[in-house]
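The structure appears below as C-alpha cells.
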Protein chains: 2
Amino acid sequence: MLRLSKKADYALIAMAHLALKPGSSSAREIAESYDIPTELMAKVLQRLTRRGLLTSQQGTRGGYQLSRAATGITVADVIQAIDGPVSVTACSAHADRCGQFAKCNVRDPLWRIRELIVSALSRTTVSELANDNDAVNAVRSAQLVAVHGRV
Amino acid sequence: MLRLSKKADYALIAMAHLALKPGSSSAREIAESYDIPTELMAKVLQRLTRRGLLTSQQGTRGGYQLSRAATGITVADVIQAIDGPVSVTACSAHADRCGQFAKCNVRDPLWRIRELIVSALSRTTVSELANDNDAVNAVRSAQLVAVHGRV
DNA sequence: TCATCTCCGACTTGACTGGTCCTGTATTAG
DNA sequence: CTAATACAGGACCAGTCAAGTCGGAGATGA
C-alpha cells in the first residue's frame, strides 16, 4: 500500500516525456508512446495545465509543454497537482478537526513521517526523473541481456 | 494521497496502546478507548497476531500483547503486516513483470523514492510512536486550552 | 467556411475498502 | 458443569473513489 494513483503515475510519465522532448507533444502522442488510454492521459494533462505545471495549445498543431524548466518542478509538485496534498492519515487532511480521533495516540508521530515523505518527494525534480531513467535504462538493458539472454 | 488504509491506522493505534500498557488488552477494550468499531479492530488485531507482531490469549481474561519489545517493532512492520508490502506504483509490486510499462520511463526513479519512504517508516519504532505522543499530548492539551478555552 | 485536430468538462462503471454479521473454539470464573 | 468472556475467521453488504468513456467547444489550416 501507500500507493499513489495511476493518474499520478501517468502524470509523472508525461512530465518526464515532456522534459526530454524539446517542442510540444499532444495528449495522443504521449498516450500512445506508453500504452495509456488516450482520454485518460488527456484528462491528466488537463489537470496539470490547470495547476500551472503545463501550458496547452489548442488547434490542429497544438499540444502541451512544460510551463517552466524541468529542474524547477519536483515530483511532489506533480503528485499534489493530481492527487491533492499528500496525507498519510485520513485525519491529517483536516489537521485538527477529527472527532473520532480526539484521543488518537499516533497522530503527531505520523505527521512527522508525512513530512519525511514529502521532503523526499520534493527533493527529486522532473529533470532528474527524466535523466535518471536514461542512464538506468542503458544499464537495465545490459542486465536483461545478461540475465535472460534477450532484450 | 499516498494515504495508508484505515486498518493500518487502527493497527498503529493499537500497537502504541499496547506498548504503553504493561499487561494484555482485549480487542474490545482497545476499540472502545479510541472509538473504533469493535469488530473491525478485532480483525486488525487478528491479522497482527497471524503476522507474529502480537500474541493472543483466548478465554475470559484473554487479550493481546506485543510479541516482542516495542523498540524492536517498526512502523513499517505494522503497515506491511496489514496492507502488504509498500509499493508506490502499481508495477513496483511485480517488480519487473508489467507489460503495460515496458517502456515506462519513471520506474526506477520512483523505485528509489519508494526506498526512501520505506526507510523513513523503518526508522520509527512503535516505542517512539507511543512515547512521542505522550510528550506531544501534554503540549497539545495546553494549546487547546489556550486557543479554545476548553479541554 | 468547412474539415479536422485538440483540448475540455461531465458522466458511467467497477473495484476496493470500511464495516457488519454469524458461527465456532478456547479459557476461566463461579 | 455451565455460563460468560474473548479470540478466530469466513461470508457478506454498502458506500466511495479511481479508472475509464462520451459528447461538445474552441482553434487552426486549407
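Residue numbers start from 1 in every chain, and the chains themselves are labelled A, B, ... in the order their sequence lines are given, proteins ahead of strands.
- Within the 4.5 Å cutoff, side-chain heavy atoms of L53(A) are placed close to those of I73(A).
- At distances below 3.5 Å, at least one donor-acceptor pair connects side-chain atoms of N131(B) with backbone N or O atoms of S127(B).
- For D9(A) and dG20(D), the CG to P distance is 11 Å, given to the nearest whole Å.
- Contact annotation for A42(B): no contact, since no heavy-atom pair falls under 4.0 Å across all strands.
- Going from atom CE of M41(B) over to atom C1' of dG18(C) covers 14 Å, rounded to whole Å.
- Within the 4.5 Å cutoff, no side-chain heavy atoms of K43(B) are placed close to those of R47(B).
- Between the side chains of T38(A) and R28(A), no donor-acceptor pair is found at a separation under 3.5 Å.
- Side chain of S5(A), nearest nucleotide from dT6(C), dG19(C), dA19(D): dA19(D).
- Both R61(A) and K7(B) lie near DNA chain C, and the one whose nearest nucleotide falls closer to the 5' end is R61(A).
- Nearest heavy-atom pair, A76(B) versus S122(B), reported as atom, atom and distance to 0.1 Å: CB-OG, 3.5 Å.
- Residue R47(B) is out of contact with every strand shown, counting any heavy-atom pair closer than 4.0 Å.
- The separation between R28(B) atom CZ and dA4(D) atom C1' is 11 Å, rounded to whole Å.
- Phosphate proximity of dC7(C) to S26(A): absent, as no side-chain N or O sits under 4.0 Å from OP1 or OP2.
- As a whole-Å value, the separation of Q46(A) CD from dC22(D) C1' is 13 Å.
- Residue whose closest nucleotide on DNA chain D sits further toward the 5' end, between E39(A) and T60(A): E39(A).
- The shortest distance between the side-chain N/O atoms of Y10(B) and the OP1/OP2 oxygens of dT17(C) is not below 4.0 Å.
- Rounded to whole Å, atom P of dT6(C) lies 12 Å from atom CD1 of I30(A).
- Comparing atom distances between the Q58(A) side chain and each of dA25(D), dT21(D), dC7(D) picks out dA25(D) as nearest.
- Distance I82(B) CD1 to dG18(C) P: 10 Å, rounded to the nearest Å.
- Evaluation of atom-type donor-acceptor distances gives no pair under 3.5 Å for the side chain of K43(A) against the base of dG9(C).
- R3(B) has its CZ atom 11 Å from the C1' atom of dC17(D), to the nearest Å.
- Comparing Q57(A) and L40(A) against DNA chain D, the residue whose closest nucleotide sits nearer the 5' end is L40(A).
- Within the 4.0 Å cut-off from OP1 or OP2 of dG9(C), at least one side-chain nitrogen or oxygen of R50(A) is found.
- Atom CG in D35(B) sits about 12 Å away from atom P in dG19(C), given to the nearest Å.
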